Amino acid sequence: MAEIEILEERDLSIKFILKNASTALANSFRRAMKSLVPTLAVDYVDFYLNTSFLYDEIIAHRIGLIPIKTDLEKFNFQDECVCGGEGCPNCQISFRLNVEGPKVVYSGDFISDDPEIKPAFDNIPIIELYEGQQLMVEAVARLGTGKEHAKFQPVSVCAYKIIPEINIKECKLCGVCVETCPRKVLEIENDRVVVRDLLNCSLCMECVRVCEEGAIEINETDNFLFTVEGTGALPLKTVMRKALEILKEKAEEMNKILEEIEV
């Protein structure tokens, strides 16, 4: 059975090992975190006044890419909402902005309909207004997924690599493999070559190439090292949990389809 071991956790990054899993499961997990977990993002912007040097479209594009703190319990997808997609407090939220120059407009200048739903960071610059310039807009955010647009992705980086198994069989302690390894995975300790940092191995096979045949054996395993960085829209453990729930739902749906076909 697959397991997850958390190695390192910070506010916007997490490293963990996915154990006893197939490559298909590891890649599905990665794709689900990037493209299937929903978050809020600005979908359209109403401009009431813009006397800046930038076109409306450029400013709207910048606003749309601002990550927004998301509460998945509060909002529905618009196509699943009781309003039928017309827009209501259950499926969208508005952010208002009315500023005059001279000043730099930041994401924190937006006023939200819900104080708990706001930009993940207050210091994202949007535009610099000069003397006499004014910007008055209303931005409306809704739930979406990265499959639809990258602005809805809850993670900015989501990558994994296979954790190998390194077996050192016949070693003459020449030290060539230690010197050749670009990531310093190996070292000489107590008159023998040992693995110092297995998780740093990139499977480049340089140590196998420079040693005599059979001296070092490297095999792939069913363990994967994940490195994930978030946008701040959702806690990363929430992203992981939601991704696994979505994969489970899809697997159950596929099982039902297969059962119907067999019948």
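What you see is a predicted model; the values in this text were computed from it and never measured.
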If you take all heavy atoms of [X] and [Y], which pair is closest and at what distance?
X	Y	result
Pro115	Lys118	O-CD, 3.7 Å
Ala21	Phe224	O-CE1, 3.1 Å
Ser94	Val140	OG-CG2, 3.8 Å
Met33	Val155	O-CG2, 3.8 Å
Ser107	Pro119	O-CG, 3.5 Å
Leu203	Pro164	CD2-CB, 3.5 Å

Are [X] and [Y] connected in the hydrophobic side-chain network, where two residues link if heavy atoms are under 4.5 Å apart?
X	Y	value
Leu199	Phe16	yes
Val210	Val193	no
Tyr160	Ile6	yes
Tyr55	Ile66	yes
Ile188	Ile166	yes

Residues Glu253 and Lys250 bridged, charged N to O under 4.0 Å =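 Looking at Lys250 together with Glu253, the answer is no, because their closest N to O distance does not fall below 4.0 Å.
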**Report entry** Worked verdict on Glu217 versus Asn219 for side chain to side chain donor-acceptor pair (under 3.5 Å)
**Finding:** CA-CA 7 Å; Glu217 185 179 275; Asn219 299 313; 3.1 Å; yes
For [X], look at atom [atom1] and say whether over 12 heavy atoms of other residues, nucleotides or ligands are found less than 6.0 Å away.
X	atom1	answer
Asn255	CG	yes
Arg196	CZ	yes
Glu213	CD	no
Phe77	CZ	yes
Ile111	CD1	no

Partner residues of [X] under the salt bridge (charged side-chain N to carboxylate O under 4.0 Å, His left out) criterion, sequence neighbours left out:
X	value
Arg192	none
Glu148	Arg142
Glu116	Lys74

- Task: Name all residues meeting the side-chain hydrogen bond (donor to acceptor under 3.5 Å, both in side chains) criterion together with Gln153; count only those two or more places apart in sequence or in a different chain, and write none if there are none.
- Result: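 Gln153 satisfies side-chain hydrogen bond (donor to acceptor under 3.5 Å, both in side chains) with no other residue.
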Should Glu245 and Lys248 be marked as a salt bridge (charged side-chain N to carboxylate O under 4.0 Å, His left out) after you check the CA-CA gap, both sets of side-chain angles, and the distance that decides it?
CA-CA 5 Å; Glu245 289 175 0; Lys248 182 181 178 181; over 6 Å; no
Do the side chains of [Y] and [X] get nearer than 4.5 Å, heavy atoms only?
X	Y	result
Lys151	Asp43	yes
Thr180	Leu186	no
Phe226	Ile14	no
Asn90	Val82	yes
Ile17	Ile4	no
Leu143	Phe152	no
Cys207	Ile218	yes
Ile117	Phe75	yes

Roughly how far apart are [X] [atom1] and [Y] [atom2], rounded to 0.5 Å?
X	Y	atom1	atom2	result
Glu187	Cys181	CD	SG	11.0 Å
Asp222	Thr23	CG	OG1	7.5 Å
Cys177	Ile168	SG	CD1	6.5 Å
Leu225	Leu198	CG	CG	9.5 Å
Leu36	Leu247	CG	CG	7.0 Å
Arg31	Lys147	CZ	NZ	8.5 Å

- Does the side chain to side chain contact (heavy atoms under 4.5 Å, CB included) test come out yes or no for Ile257 and Glu259, once each step is laid out? CA-CA 5 Å; Ile257 294 173; Glu259 289 174 0; over 6 Å; no
The test is side chain to side chain contact (heavy atoms under 4.5 Å, CB included); show your working for Arg96 and Asp113 and say whether it passes.
CA-CA 8 Å; Arg96 293 175 301 280; Asp113 285 347; 2.5 Å; yes
- [ ] Evaluate the salt bridge (charged side-chain N to carboxylate O under 4.0 Å, His left out) criterion for residues Glu9 and Lys237: first the C-alpha distance (whole Å), next the side-chain angles of each, then the deciding distance (0.1 Å), finally the verdict.
- [x] CA-CA 9 Å; Glu9 183 179 5; Lys237 281 189 175 179; 3.4 Å; yes
Donor-acceptor contact present, side-chain [X] to main-chain [Y], <3.5 Å:
X	Y	result
Thr227	Lys15	no
Ser112	Asp114	yes
Asn50	Leu54	yes
Asn223	Asn20	yes
Arg183	Ser202	no
Ser28	Ala24	yes
Thr70	Ile68	yes

Given side chain to side chain contact (heavy atoms under 4.5 Å, CB included), test Val137 with Phe95 step by step and report yes or no. CA-CA 8 Å; Val137 302; Phe95 299 87; over 6 Å; no
Which side-chain N or O atoms in residues 122-136 pair as donor and acceptor under 3.5 Å with protein atoms at least two apart or in another chain?
{"from": "Gln133", "atom 1": "OE1", "to": "Tyr130", "atom 2": "N", "distance (Å)": "2.9"}
{"from": "Gln134", "atom 1": "NE2", "to": "Asn98", "atom 2": "OD1", "distance (Å)": "3.0"}

Next on the checklist: Using side chain to side chain contact (heavy atoms under 4.5 Å, CB included), reason through Asp46 and Tyr48 one step at a time and then give a plain yes or no.
Outcome noted: CA-CA 6 Å; Asp46 288 327; Tyr48 300 107; 4.1 Å; yes
Sorted by chain and number, sequence neighbours left out, ring pair (Phe, Tyr, Trp, His ring centres under 6.0 Å) with Tyr106 holds for none
